[in-house]
Chemist: 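There's a structure below that I have some questions on.
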Amino acid sequence: MLRATLRSFFAHKGRLLLSALAVLLSVAFVSGSLIFSDTVSRTFDRLFASTSADVTVAPKEGIDESLPTGVVRTVPVALADRIGAVDGVAATRVDAAVENITVVDAANDPVGPTTGAPTIATNWYVTERSPVKLTSGREPSGPGEALLDKDTADKKKVRIGDSLTVLAQPGSFKVEIVGIATFTTTNPGAALVFLDTPTAQTKLLGRPGVATSLSVDAAEGVSDATLKQRIAAELGDAYELKTADEQAESAAAQLGPFLDVIKYVMLGFAGVAVLVGIFLIVNTFSMLIAQRTRELGLLRALGADRRQVRRSVLTEALLLGLVGSTLGLAAGIGLAAGLIELMALFGMNLSAAEMVVGVATPVSAYVVGVGVTFVAAYLPARRAARVSPMAALTDAEVAGVGRPLRIRAIAGSVLAAAGAAALAGCVVSEKTSTAASLLGLGVVLTLIATVVAGPLLVRPVIRVLGGAFPRIFGSVGRMSQRNALRNPRRTGATASALMVGLALVAGLSIASTSMTKSFDDQIDKTLGADFVVQNSNFMPFPQEITEKVRGVESAGTVVRQRFAPLALNLPDGKRVKSTASGYDPKLDEAARITYTSGDTAAALAPGSIAMDRDFAMDHKVRIGSVLPAEFPGGQKTRLTVGALTNMDQSGGPGMEGGLFMGLATVEKYLPGGQEAALYVNAASGSDATELRKGLESALDPYPQVQVRDQADYKELIRQQIAVMLYLVYALLGLAIVIAVLGVVNTLALSVVERTREIGLLRAIGLSRIQLRRMIRLESVVIAVFGALLGLALGMVWGVAVQQVLALEGLKAFAVPWGTLVAVVVGSVVVGLAAAVLPALRASRMNVLAAIAHE
């Protein structure tokens, strides 16, 4: 049996190749994502561990800042003397480092990364743990000198002697580059500007005598943990103390979300590849077993029992999984190397020579590859085991033809009803978490139901789709339609591979289009200012820019917005962490706010706060409620609810509750913040065109901010949502590639299965052109059938997703009809492309050999 199994496997290796490709793609994305994330994690762990001080003393972290405030929290430098007197301290150094800066050259072009990595300005000192070393020029001395890292200098063509402008919170200042520092470790992608310590304190932090942290070295023989305990005994709990390991762990945790995005995106691709690949493998083994009915019957007649036959088929699947997993692991290593090179384009210089292939990676690769193949082949293996020895005496039959679909109908109906109930529950749910859970359950159940019941839809749908074929293409069209109807199970499984990808695309396209329309409606409804001055990535900017805007002659009302992270203790006993916005008193001139209770004056009064009505009702908050609040840095107060709003809008990530208050309240409890946005109206007698010219001229030296009107603001939102769409289209591309492999495989095996039939058709006069046309039409009708199933399912999902978004204030609903039509047209192209090789092979058959084929 083993010899027979191996011979069968290698006899069909060409037919199994396409299935192996599906396994390869699945494994490649899984292993590639693990290798890349492990490599980045290991690299940065070494970087953080090698550069962190033995003990770091910093301000208390307090409330997490979901959105940046621009506030730089500091510790007094005088602490260094107290720390230096602690037993076991070898040295103490002052750190003055900030990330909320922009550096520009003489042409006002940014000198620094534009891909999201920070530009960091810090004080210069050299230790054994410094991540950089001076390689040319000299150290900075005095307020007008600075160093720049070599990577940034090379990219931006900055040389020693060049003049740069640093736009910091206290104000702008010019520096001359007197030296270049080169990274001795991995460059995380940031741009580094070094100043001497007094300059860093005054120019970056606004005053001498303060530091962003203090770095402490332990004396020989003193552990980091012991030193931390001794310093804590001296300073109490007023400051955040971390050992080198804790500091490295904290820094790695901040990097975690970035790595998670890449990992989960790639695992999403792997998931789609696995799901679509299952259909391909099931179809391939089902057809191979159907074609080997006589062979399996002979094995049974010679004494092989059912277990041996089933084991034989599963052994073939195991071999396929091993081959696909091995090739996929190799492809995953190549994919990880490509990602490492791609990161270099974004400034993160990782080394492919330091690639980490942990034990978990090959284990995961083979578990996914072999597991998927084994599971997908199990049902065909059971079917093979049921082949009767008498089948050896009959012509080979096509498995599944003529068998009733009663079980599928019952199972599909039950699953569809359960899925519909879950989606209905999602639609009527009033809580986002509950709705999201029901949505996930409904998507899974309806997807499985469609796959199970798909063959039931083959005959009615394909009769309609191919109804015009006989009239247009004559007998060739009639035969192509009947070929697609011949085996509903096979046609349904082949179409399901394409259906999965298109259902995802349709659902997410509807969601993104609805989000875009919702944001457009919100902007039209709420934005009353002529222009918004804002950073492209929503980072705060210094007061200096506000003064420049106010100085524009055609500018009238200027309303500032700042972010203020806070935690509220609510009457229902819950503690909610969110981010409030602080505004100037003339907010009504810049925004249109709908109040259900109170007004803008009450909302922005000192010590007051406003919130969304629904949020207030959920937490038993009323007008006049007094809520204990805590701001970053440990500042605590009690805020009075002065107004409730009904804006039907999403607060966005980290902005639960639609909280806002007066800027005076924000400044009292979170002093030193920076503006997140400026809302500007034209002065009396000036128009919007004149104001825009004035603003753009005044802000030319500040490339970190842009001037936007309503149309520009909408376009910014669309671009951000488009990032999600690009991911969707990439998933679609992957699903289509595997689905095309599935259609090619099905048609190729079908051609082999119908070799004698094709020979007879050719013998009675069917031309090669007609034969190729018949196979192409069969392929197109299967692809369009899968596309329509996918679009129908995706539209149902899209409606449910929009209901979840509505709970977050995004209530508009829109269908991207152009995208959906393009998908249907694209499915025709997919069908034609998939049929090229099988049709060519069929047309080249020798007629006599085909007729004699058994």
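Just so it is clear, the values below take in all heavy atoms, side chains as well, and ignore hydrogens, waters and symmetry mates.
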Chemist: Can you tell me how far the CG atom of Leu771 sits from the CG atom of Leu766, to the nearest 0.5 Å?
Modeler: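 With rounding to 0.5 Å, CG (Leu771) is 5.5 Å from CG (Leu766).
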Chemist: If I compare all heavy atoms of Gly466 with all of Val781, which pair ends up nearest, and what's the gap?
Modeler: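 Heavy-atom minimum between the residues: N-CG2, 4.2 Å.
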Chemist: How long is the gap from CG on Leu508 to CH2 on Trp797, to the nearest 0.5 Å?
Modeler: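 Rounded to the nearest 0.5 Å, the CG-CH2 separation comes to 9.0 Å.
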Chemist: With heavy-atom distances below 4.5 Å as the criterion, would you say the side chains of Val370 and Val23 are in contact?
Modeler: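 No - every pair of side-chain heavy atoms lies 4.5 Å or more apart.
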Chemist: Minimum heavy-atom separation for Leu791 to Ala506, with atom names?
Modeler: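 Reported closest heavy-atom pair: CD2-CB, 3.9 Å.
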Chemist: With sequence neighbours left out, what residues match Thr819 under side chain to side chain donor-acceptor pair (under 3.5 Å)?
Modeler: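 Applying side chain to side chain donor-acceptor pair (under 3.5 Å) to Thr819 gives none.
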Chemist: Sort out for me which residue in Arg772, Arg773, Arg762 forms a side-chain hydrogen bond (donor to acceptor under 3.5 Å, both in side chains) with Ser843.
Modeler: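 Of the listed residues Arg772, Arg773, Arg762, the side-chain hydrogen bond (donor to acceptor under 3.5 Å, both in side chains) partner of Ser843 is Arg772.
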Chemist: Just do the side chain to side chain contact (heavy atoms under 4.5 Å, CB included) check on Met774 and Asn483 with the steps written out, would you?
Modeler: CA-CA 9 Å; Met774 181 182 73; Asn483 285 336; 3.8 Å; yes
Chemist: Measure across Ile775 and Pro838 and return the closest heavy-atom pair with its distance rounded to 0.1 Å.
Modeler: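 Answer, listing the atom of Ile775 first, then Pro838: CD1-O, 4.2 Å.
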Chemist: So do the side chains of Val27 and Tyr366 get within less than 4.5 Å of each other, counting heavy atoms only?
Modeler: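 Side chain of Val27 against side chain of Tyr366, heavy atoms only: no contact under 4.5 Å found.
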Chemist: For Val452 and Ala411, which heavy atoms make the closest approach, and how far apart are they?
Modeler: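 Scanning both residues, the minimum pair turns out to be CG1-CB, 4.1 Å.
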Chemist: Would you say Gln802's side chain and Ala812's backbone share a donor-acceptor pair under 3.5 angstrom?
Modeler: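 Present.
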Chemist: Report the C-alpha separation of Leu485 and Val458 in whole Å, then their side-chain angles, then the decisive distance to 0.1 Å, and conclude whether the side chain to side chain contact (heavy atoms under 4.5 Å, CB included) test is met.
Modeler: CA-CA 7 Å; Leu485 293 171; Val458 168; 4.2 Å; yes
Chemist: So, for Val476 and Gln770, which heavy atoms are closest and what is the spacing to 0.1 Å?
Modeler: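 Nearest heavy atoms, Val476 then Gln770: CG1-O, 3.5 Å.
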Chemist: Rounded to the nearest 0.5 Å, how far does CD of Gln803 lie from CG of Leu423?
Modeler: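 If I round to the nearest 0.5 Å, the distance is 11.0 Å.
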Chemist: Report the C-alpha separation of Arg310 and Glu316 in whole Å, then their side-chain angles, then the decisive distance to 0.1 Å, and conclude whether the salt bridge (charged side-chain N to carboxylate O under 4.0 Å, His left out) test is met.
Modeler: CA-CA 10 Å; Arg310 183 168 60 247; Glu316 289 189 41; over 6 Å; no
Chemist: Return the set of residues passing salt bridge (Lys or Arg N to Asp or Glu O under 4.0 Å) with Arg482 (not counting sequence neighbours), or none when no residue passes.
Modeler: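 Arg482: no salt bridge (Lys or Arg N to Asp or Glu O under 4.0 Å) contacts found.
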Chemist: Does the Ser325 side chain pair with the main chain of Leu322, one donor and one acceptor, at a distance under 3.5 Å?
Modeler: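 Looks like no, no N/O pair under 3.5 Å.
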Chemist: Has Arg776 got a side-chain atom pairing as donor or acceptor with Ala835's backbone, closer than 3.5 angstrom?
Modeler: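 Between the backbone of Ala835 and the side chain of Arg776 there is no qualifying donor-acceptor contact (under 3.5 Å).
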Chemist: Show your working on side chain to side chain contact (heavy atoms under 4.5 Å, CB included) between Leu777 and Gln481 and close with a plain yes or no.
Modeler: CA-CA 8 Å; Leu777 290 174; Gln481 184 188 31; over 6 Å; no
Chemist: To the nearest 0.5 Å, tell me how far Ser31 OG sits from Leu335 CG.
Modeler: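 Reported value, rounded in 0.5 Å steps: 7.5 Å.
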Chemist: Would you say the side chain of Thr361 lies within less than 4.5 Å of the side chain of Leu329, judging by non-hydrogen atoms?
Modeler: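 Answer yes - side chains close enough.
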Chemist: So Cys426 and Val804, do their side chains get closer than 4.5 Å, heavy atoms only?
Modeler: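 Yes, side chains in contact.
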Chemist: From Met479 CE over to Arg486 CZ, what is the distance, rounded to the nearest 0.5 angstrom?
Modeler: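 The CZ atom of Arg486 is 10.5 Å from CE of Met479, to the nearest 0.5 Å.
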Chemist: With a 4.5 Å cut-off on side-chain heavy atoms, are Val780 and Leu832 touching?
Modeler: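 With C-beta onward as the side chain, the pair touches.
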Chemist: Within the distance-only criterion (no hydrogens, no angle test), does the side chain of Ser514 pair as donor or acceptor with the backbone N or O of Phe813 below 3.5 angstrom?
Modeler: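 Side chain of Ser514 to backbone of Phe813: no pair is present.
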Chemist: Using a cut-off of 6.0 Å, state whether more than 12 heavy atoms not belonging to Ile769 lie near its atom CD1.
Modeler: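 Check fails, neighbour count at 12 or below.
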Chemist: Would you mind reporting whether Leu820 and Met795 have side-chain heavy atoms less than 4.5 Å apart?
Modeler: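 Side-chain contact under 4.5 Å: yes.
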Chemist: With heavy-atom distances below 4.5 Å as the criterion, would you say the side chains of Thr373 and Leu318 are in contact?
Modeler: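 The answer is no, as the side chains (C-beta and beyond) never meet within the 4.5 Å cut-off.
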Chemist: Would you find a donor on one side and an acceptor on the other, under 3.5 Å apart, between the side chain of Thr513 and the backbone of Ser509?
Modeler: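 Present.
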Chemist: Would you indicate whether Phe473, at its atom CZ, is surrounded by more than 12 heavy atoms from other residues, nucleotides or ligands within a distance under 6.0 Å?
Modeler: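 Counting neighbours around CZ of Phe473, more than 12 heavy atoms of other residues, nucleotides or ligands fall under 6.0 Å, so yes.
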Chemist: Contact between Leu789 and Leu457 at the side-chain level, heavy atoms closer than 4.5 Å - yes or no?
Modeler: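 Yes, side chains in contact.
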Chemist: Report the distance from atom CG of Leu415 to atom CG of Leu445, rounding to the nearest 0.5 Å.
Modeler: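 Reported to 0.5 Å precision, the distance equals 6.5 Å.
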Chemist: Return the minimal non-hydrogen interatomic distance between Thr491 and Ala484, and the atom names on each side.
Modeler: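 That closest heavy-atom pairing would be OG1-O, 2.6 Å.
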